[in-house]
Amino acid sequence: MSTIRFVTPDGLSAFLDFLAQNGRRVLVPVEKPAVKRSVVFEPWSAGRPFTLEKATVPAKAAVLPQCETLLSYKKTKNADDPAAVTLTLDDAPEAVPTVVFACRPCDARGYAVLDRPFLQGPYVDPYYRARRELLTVITLSCARGCDTCFCHWTGGGPSSPEGSDILMTEIDDGYVLQSITPKGEELLAAAGLADGTERFPAAENARKKAWASLAPAPNLKMAPASIAACFTDMDFWQHWTERCLSCGACTFFCPTCYCFTITDEGEGMSPSGGRRLRSWDTCMSPLFTREASGHNPRMVKAQRMRNRVSHKYATFPENWGAFSCSGCGRCIGNCPVGLDIREIVLAAVQRGAESMHEKQEQ
Amino acid sequence: MSVLDGKELRIVGFLCNWCSYGGADTAGVARATQPTDLRIIRVPCSGRVDPLFIIKALFNGADGVLVSGCHPRDCHYSSGNFYARRRLEVLKQFLPVLGIDDRRFAYTWVSASEGQRWQHVVTQFTKQIHDLGPAPRLEDAEPLLKVADMALTALRPLGTGQHAALDALKAAIRAKLPELECIIGWQQGRDAAHTVPLFMRTPEDVDKLVWGPFNVCNPAVYLPSFKGKKVGVVVKGCDSRSVVELLQENLIAREDVTVFSLPCEGTLDMARVDQELGRYTTIDNVAYDAAHVIITADGVAHSFCMADCAQGKCYGCATPSAVLADERLGTPVEVTPSDVTPPELALLDAMTLKERLSFWHGQMQRCLRCYACRNACPMCVCRDYCISDSRDPHWMTQEASAKEKLFFQTIHALHLAGRCTGCGECQRACPVGIPILALRQQIARAVAQLFDGYKPGLHPEDVPPLLGYEVVEQNIHERDWK
Amino acid sequence: MRIGVFICHCGSNIAGTVDCAKVAHIARAYPDVVYATDPMYTCAEPGQAAIEAAIHEYKLDGVVVASCSPRMHEPTFRRTVERAGLNRYMFEMANIREHVSWIGKDMEANTNKAAELVRLAVEKLRNNVPLTAKQFDVNKRVLVIGGGVAGIQAALDCADGGVPVVLVEREATIGGKMAKLDKTFPTVDCSACILGPKMVDVAQHPNITLYACAEVEDVSGYVGNFTVKIRKRATYVDWSKCTGCGACTEKCPSKKSPDAFNEFTGTTTAISIAFPQAIPKKAVINPQHCRQLTKGKCGVCAKVCPTGAINYDMQDEIVTEEVGSIVAATGYDLMDWSVYGEYGGGNYPDVITALQYERLMSASGPTGGHIVRPSDGREPKNIVFVQCVGSRDKSVGRPYCSGFCCMYTAKQAILTKDHIPDSQSFVFYMDIRAPGKMYDEFTRRAIEEYGTEYIRGRVSQIYPNGNGRLTVMGVDTLLGRQVEIQADLVVLAVGIEASKGSPQLAEKLRISYDSYGFFMESHVKLKPVETNTAGVFLAGVCQGAKDIPASVAQGSAAAAKVLALFAKHKLESDPQIAQVDMRRCVACGKCIRCCPFGAIKETEFRGEAKAQVVETVCQGCGLCTSTCPQGAIQLSHATDNQILAEVNALCQC
Amino acid sequence: MNFAYYPGCSAKGSSSDYESSTQAVCRALDITLEEIPGWNCCGSTPAHAVDTELSAALCVRNLDIAARQGADLLLTPCPSCLSNLRAAARRMEKPAFRQRVNELLDAPAAETFPEVTSVMQGIARQIDRETLAARVQTSLKGLRLAAYYGCLMSRPSELMRFEDPENPLLMEGLLSACGAEMVDFPLKTACCGASFGIPERAMTARNSGRILELARRLGVDAVVTACPLCQMNLDLRQKQAGRACETSFHLPVLYFTQMLGLALGLKRNELGLNKLAVSANGLLEKMDNLRRADAVEGGRS
């Protein structure tokens, strides 16, 4: 049985104070006022306002920063022989104990997606691992669905615990916190919060209500096969990507995208030294696959979009057994031209079904 | 490398090889004593000085930047300094919007024989920089978030456009359909409260065409990708200016483009609409009256008055009807242009330099460098070869600092100088709502002031001002060095 | 990279206020620097030898010299490193003399600054790449624009050197201003007698093609390969038939045609030959005054012409010439002196220009060499010469000295006395400028032997005083009193300006010109004949005021430049030019619009439009590089990355 | 049309004929001159040679009165006054100077002053050539006149802004509209030497003599002037000038307002012609004869 705690809205600050103990970085959703408001995760400090809204930007940066220094190096010269250079190198991962507070189940499931290639494959990424091991995820379950969300299509849901250490559910008078993992349990046990066992049924009730608010999900079981079947049908991809602008809004705001690029900056002998940086990249950009020769296997946006959709709904499931999409819908809401991945996936599924039907008839 | 503490500040000079570098030599030969702060970078011509070098220096630790070239008419290359004069003047007028004191940048003309003048210029400029003190740094500025005041009055009545001649437009498009590769317009998006671009190739596609306040995207952005093909585009007035600007720059050919237009009554600021709608599952209904759009979502009706919820650009819009059209439907609407300060720019105008620096620091922190702003810009034609992600030239790093992100915005703004029609797609596309349009608006304002009210995208035959020059500039005057 | 750094002491010029050894020491810590030293005189032969030795010993592939201005010794050191086997562009200079040691005495600040400038040079060098010049053919023909004495000299010298010359003259005859002069200073020999033979040589030289009544319409191409379009104006006389017999001019009934050659001191016939010694000696019809051409009635000249040369239907003709080099020798015109209202602004007939006075004195002039007053034909007795009318006068926008007026005024005063022994000349002057050989002696003669009264001061007003004379009011600044002279004739030494149309021609030639229209030389002192456009040279007053000997000298100098250029079989183009990265180029054409030299054209590359630099036309300004938004066109040796490296070396906070 | 008007001291004394003719002409042309109340001497000529601030204060007081009356334009007949008033207004644009002058005044002067211009320019601004010609009662046709502006009216040019400083043509325009033949008078802006009438009598006589001599050679019936000092000098001292040139002159020297007044048919005593030292009777007689001849001619045809 997991640990259940309860906290009132007024008690959240104290809870955050607790989370921030021992040098832990607590990332909380913070509202950025603008004509177009946005919500981003930022390190919390006592007294800072925060919000519990779904963030515009997922908390992916907690494990995969927008830009991180993989290694830094310095070169020093020998005073007697200017041609001789001593190189010192630091490749220790930049990682601090971190709590992500009040992300949503789709964000948390993002971590589960990222864990697969970074931790479960033949090559473990030490930088990712260092951060992931020091990460605790406190997820706020969603009270209802929305027009762009489709977590339940991808195997998740408004209260899916996957990827979370603690699941937090809003009820009438506060929040019920339920530990999901031993890490979460340990943290919750030490938090000094009131016991929430009595209120747990109310939380379960709220979760059910949330599930009930969702429109029925289509069956995507055939999606990998259907999309693979569409792979060579460039007309299909061209049709669906005609309005794409090839920007990175879909991928940079995705909790499951992990494409990156590596660049070297600075100079061993400069005061700030040389740095090897890993930064987010996007498969929507033609640069992503441009080869040194100038050749580009994904020259046109249809090829790139095909890659994105195939990766998320065909090849990743083939390799890892799950979609590389948590259905958060940010790629839909943030797209400047309203491209909707759901439409493409459904169209592919339908196309696949039709062609299979045709084959059977033949 | 460090400056001498308490003694020197970091002043970078870009000098043309033929005149000013020679002038500095002449000053040296005459043993004309000068302050030691200035570090001179020799360039072939003042026309070689990309304003971005100056921004780069000012962002990265320079306390002052001085550019000096041949006197007008004396350019070793005939006209390099004429181009430089326009570009550097625009830059000078742009700097304050970033929170940089424009006195930190100066450009002047010194000939190879004017050693004394050079001494005077260096002495004065160095003194000026010392009087200003070390330049404040973006990264040291306390982040500041402020919101533009959107309570605005439009130059013309805004409406919902429900009486537009949509059927006639569709008929006109159908008639042209056989001649054209496709016609770009708008269709309903994921629900009735959103539209997305539509590429019409068949009569059935034409049926999907919609017209109204949800048509926010600028379809001109797609035109350069159809270069060489016959294509049609349906435009609002603002979109037509992008089409014209593309024509001005020969980025599309007039004979390849057929422009369809209806007079626009304004479009909605979807950020504020979405904000008001909140999380909803379904749109039940969208209804219109002359001035309002009523959206019913999950059973709750939300009313949006066009006068209150239009895009910022719509309020100052003087071109509701296309400035250029082959098929013009509906009755064109004439609006007397007026110099309205757009809301984003008004917000910055009201700030001190220090606040502006803080503002941009605060705003740029949340930028993810997704480049939706760039890719949504119809005038961004470098596309696959933007200098923001190239190594040669290596203008930018991939670092996620506010400085690098603002530097990109500066690149974009300066590359748009004299070209930006103010369509606002950059800002609309930004998923995190950074008011980056203000930077382009400041450039546009400077360009209009310097070049007799020039506005890009009004006349296909106009030469964009930074691609031309006048031997005697009416509005650019050498600043005195007294 | 392996970089060697040389911090020059320049004796005490640098070492006096810069700790050169310390700079070398600091430089040793810079990236890629494997050797740094501080020689006494780097540019001297031992200094250069030491660089060569160091290149070999330390296997250097790049060299930085910190010394004087690169404008001084960059070519020297480039040759040095080239001798040691390096590419000449793997070299950078830091200017620590003119820009550091000579402008301040603070040793600490200077040393720090010098070290930073060396750092700048090192960072630039680390981004340098070897560049190689390309070779191309040269068309060994020359175009000379302007057939005044400078152009004649340039044309003859080139032609004598074996180079075919195309000489284009705007007027109907060559000879320019000198042909209008009566005598020349300081020898007072007859202008026509010394210029005439040269003009005849031009006509007879097998290597010279002369186009008179012609103007340059368009110039394209580049050094070694210019294409020039020349507009031959319609003369209505077929010159291949005209023998210059003059029968037409005698019979022409329209005798009120303005006589430009005589500076409008008289009139001529509508069909005319400028003067008896004109080259080419061919008749030209003035279409504004020809009765046949204006009224369609007359045709006298056609009737009397023994060779049937008259052609009233003649049209302008465009001829195209291909040349490898161009000499501009377009001379000067007088400034519009009517701005001087106080001198009558041109309304008093007896106030004339010095050039008009030359025509009055000339035996071939309208009065047959008799000096008479234009108003009444009487011989003047009191003649006032006013100097600097439109020279050295900021109030009319002419701050420069016209150079030769002091001398010709002295000459005219002397000649006046010769013509009219009982005359008295007065000269109002600001300063007497007589720096040439025999010049000052000549003015002394005018004063001492010819009794010319020189009055140092300006003339405030000239007005007809009602009794047929002119009152000249001025000041004698030496005596500090007002002067009033009753003159019969006033001769103004009107200042000069570049000849009409000079700016337009400069733009066609893509050379610079100053605000008065004079063409800009490449370097005021060291390259007075060259322009900034390779292959285009200057001769005579088009470059700035000068007298006949100087014009002739510059004509010869220009010819020497042409001959030196043509002495090479192939020319090398400067590799510091723009280059297009075909992949990055999106063919937006912004560079093509801006290029001051038309050096960029659109081309097709793998089916796509792209920009392409014409290497021989590009002059390396880099305007295109700062114009191209995607950085697709880069100026070699001043690429974005090279300049950014310098900026980053200074600004990295 | 109403103009604020600053007559200047001489209008109330030595050049009362200028004043009366100015008033009469303006009246006839429907221009009302409103004399500013309580004006004082502008300080010309001696004051500005002694102390620029004190002399400016004299002018500024007048300018201030005009400004407080809300005048847009202030007219003065006298070039000396005009020069002083304009110079003072110009100097007051410098804040430091303004501050010092303000200290000399009872109260700080107005921030901006009305533009000051001459009566001649005021008339020309208001009445175009055709209108003036239409108002002419007695044409000046047949009279040959020399317009003499004096040295001050157009100088220094950037301050006075009076046409071409060397060759103004405004007076010629007015009088030729009235029918007079205006000779090209090269000495129209030469100095007559009036200011040195007492200390440098010989020079003054020489300067005036040169002007009168040229005018006589050009065969004019009268010299027409716009300056009280010039008029007095050329008229009152005509004998001295004659002696300096070893000749004797008899050339009437009239104010342009007097000439205009004659053309407009105003009463001759209103124009103060009786105040002239060199009698204008000959001129008037010639006019009468010419007009009589016209009448006869007109009668015949």
Side-chain angles (χ1 to χ4, degrees), chain A residues 32-38 40 42 54 56-57 61 65-68 142-149 213-215 239 242-243 245-253 261-263 265-266 271 275 277-282 285-287 290 296 330 332-340 342-343, chain B residues 1-2 145-148 150 182 189-191 194-199 217 221-222 269-272 274-275 278-283 297 312 343-344 362-363 365-366 368-376 383-385 389-391 397-401 425 427-435:
Chain A
K32 295 288 174 180
V35 173
K36 182 179 191 171
R37 243 167 28 105
S38 58
V40 300
E42 281 185 355
K54 181 179 171 185
T56 319
V57 185
Q66 195 182 343
C67 180
E68 66 179 308
C142 291
R144 54 174 300 170
C146 89
D147 62 331
T148 51
C149 293
S213 76
L214 306 181
H239 170 76
E242 189 137 36
R243 66 176 185 260
L245 297 171
S246 294
C247 72
C250 48
T251 54
F252 279 23
F253 287 80
T261 186
I262 294 179
T263 49
E265 296 296 347
R275 279 114 49 225
L277 307 175
R278 173 159 76 180
S279 51
W280 292 354
D281 203 345
T282 167
S285 162
L287 269 72
R290 191 196 293 149
N296 193 343
R330 289 187 178 94
I332 303 163
N334 287 333
C335 178
V337 290
L339 252 172
D340 191 337
R342 293 172 300 190
E343 279 187 326
Chain B
M1 304 288 294
S2 64
L145 297 171
K146 276 192 176 179
V147 185
M150 297 302 287
C182 79
R190 62 178 186 261
D191 54 42
H194 295 85
T195 72
V196 295
L198 165 69
F199 297 80
C217 301
V221 71
Y222 299 105
D269 184 343
M270 292 309 293
R272 286 188 287 160
D274 288 340
Q275 178 73 35
R279 278 170 80 86
Y280 62 85
T281 324
T282 41
I283 297 287
E344 299 84 355
Q363 296 292 342
Q365 280 176 328
R366 65 180 182 276
L368 295 188
R369 296 178 74 165
C370 72
Y371 293 127
C373 48
R374 174 187 74 190
N375 290 39
R383 302 283 168 200
D384 303 358
Y385 291 97
D389 26 43
S390 93
R391 299 287 291 183
T397 73
Q398 294 299 316
E399 271 151 319
S401 66
E425 284 291 89
Q427 181 167 300
R428 188 189 65 78
C430 180
V432 289
I434 305 174

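A note on names: the letters A, B, ... follow the listed sequences, proteins ahead of strands, and every chain is numbered from 1.
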With only heavy atoms counted, which part of A:Pro286 is less than 4.5 Å from chain B, the side chain, the backbone, both or neither? side chain

Counting heavy-atom pairs under 4.5 angstrom with chain A, the leader among B:Gly189, B:Ala372, B:Pro343 is B:Ala372

Could you check A:Thr148 against B:Arg190 for side-chain hydrogen bond (donor to acceptor under 3.5 Å, both in side chains), going step by step and ending with a plain yes or no? CA-CA 9 Å; A:Thr148 51; B:Arg190 62 178 186 261; 5.7 Å; no

Does any heavy atom of chain B fall under 4.5 Å from the side chain of A:Val40, the backbone, both, or neither of them? side chain

With distance as the sole criterion, is a donor-acceptor pair present between the side chains of B:Arg369 and A:Gln66 under 3.5 Å? no

Lys/Arg-Asp/Glu bridge criterion (N-O < 4.0 Å) met for B:Arg374, B:Glu425: no

Answer yes if the ring centres of B:Tyr222 and B:Phe199 are under 6.0 angstrom apart, and no otherwise. yes

For a quick check under 3.5 Å, do A:Thr56 and A:Arg330 share a side-chain donor-acceptor pair by atom type? no

Nearest atoms (heavy-atom pairs only) where A:Ala249 meets A:Asn334: CB-O, 3.9 Å

Salt bridge check, A:Glu68 against A:Arg275: does any charged N sit closer than 4.0 Å to a carboxylate O? no

Taking the basic N atoms (NZ, or NE/NH1/NH2) and the acidic carboxylate oxygens, is any pair closer than 4.0 Å for B:Asp274 and B:Arg279? no

So which part of B:Glu399 gets closer than 4.5 Å to some heavy atom of chain A, the side chain, the backbone, both or neither? both

B:Cys430, part contacting chain A, at a heavy-atom distance under 4.5 Å: backbone

Closer than 3.5 angstrom, by distance alone: can the side chain of A:Ser279 be matched with the main-chain N or O of A:Cys67 as a donor-acceptor pair? no

B:Arg366 versus chain A, heavy atoms under 4.5 Å apart: side chain, backbone, both or neither? side chain

In terms of heavy-atom proximity below 4.5 Å to chain B, should A:Ser213 be classed as side chain, backbone, both, or neither? backbone

If one checks every heavy atom of A:Ile332 against chain B at 4.5 Å, the contacting part turns out to be both

With a 4.5 Å limit on heavy-atom distance, are the side chains of B:Thr281 and A:Asp147 in contact? no

Using non-hydrogen atoms only, which part of A:Cys335 is less than 4.5 Å away from chain B: side chain, backbone, both, or neither? neither

Taking every heavy-atom pair that is under 4.5 Å apart, which of A:Glu343, A:Arg342, A:Lys32 has the most such pairs with chain B? A:Lys32

If you tally heavy-atom pairs under 4.5 Å against chain B, which of A:Leu277, A:Asp340, A:Leu287 wins? A:Leu287

Winner by heavy-atom pair count (cut-off under 4.5 Å) against chain B, out of A:Val35, A:Asp281, A:Thr251, A:Thr261: A:Val35

Under 4.5 Å heavy-atom distance to chain B, tell me which part of A:Val57 shows up: side chain, backbone, both or neither. side chain

Residue selection (most heavy-atom pairs with chain A, distance under 4.5 Å) from B:Gln365, B:Gln275, B:Gln427: B:Gln275

What part of B:Pro197 gets within 4.5 angstrom of chain A, counting heavy atoms only: side chain, backbone, both, or neither? both

Most chain B-contacting option - heavy-atom pairs closer than 4.5 Å, from A:His239, A:Arg290, A:Arg278, A:Arg243: A:Arg243

Pairs of heavy atoms under 4.5 Å with chain A: top-ranked of B:Glu344, B:Gln363, B:Arg391, B:Met150: B:Arg391

Is it the case that B:Asp191 and B:Tyr280 place a side-chain donor and acceptor less than 3.5 Å from each other? yes

So what's closer than 4.5 Å to chain A heavy atoms on B:Thr282: side chain, backbone, both or neither? neither

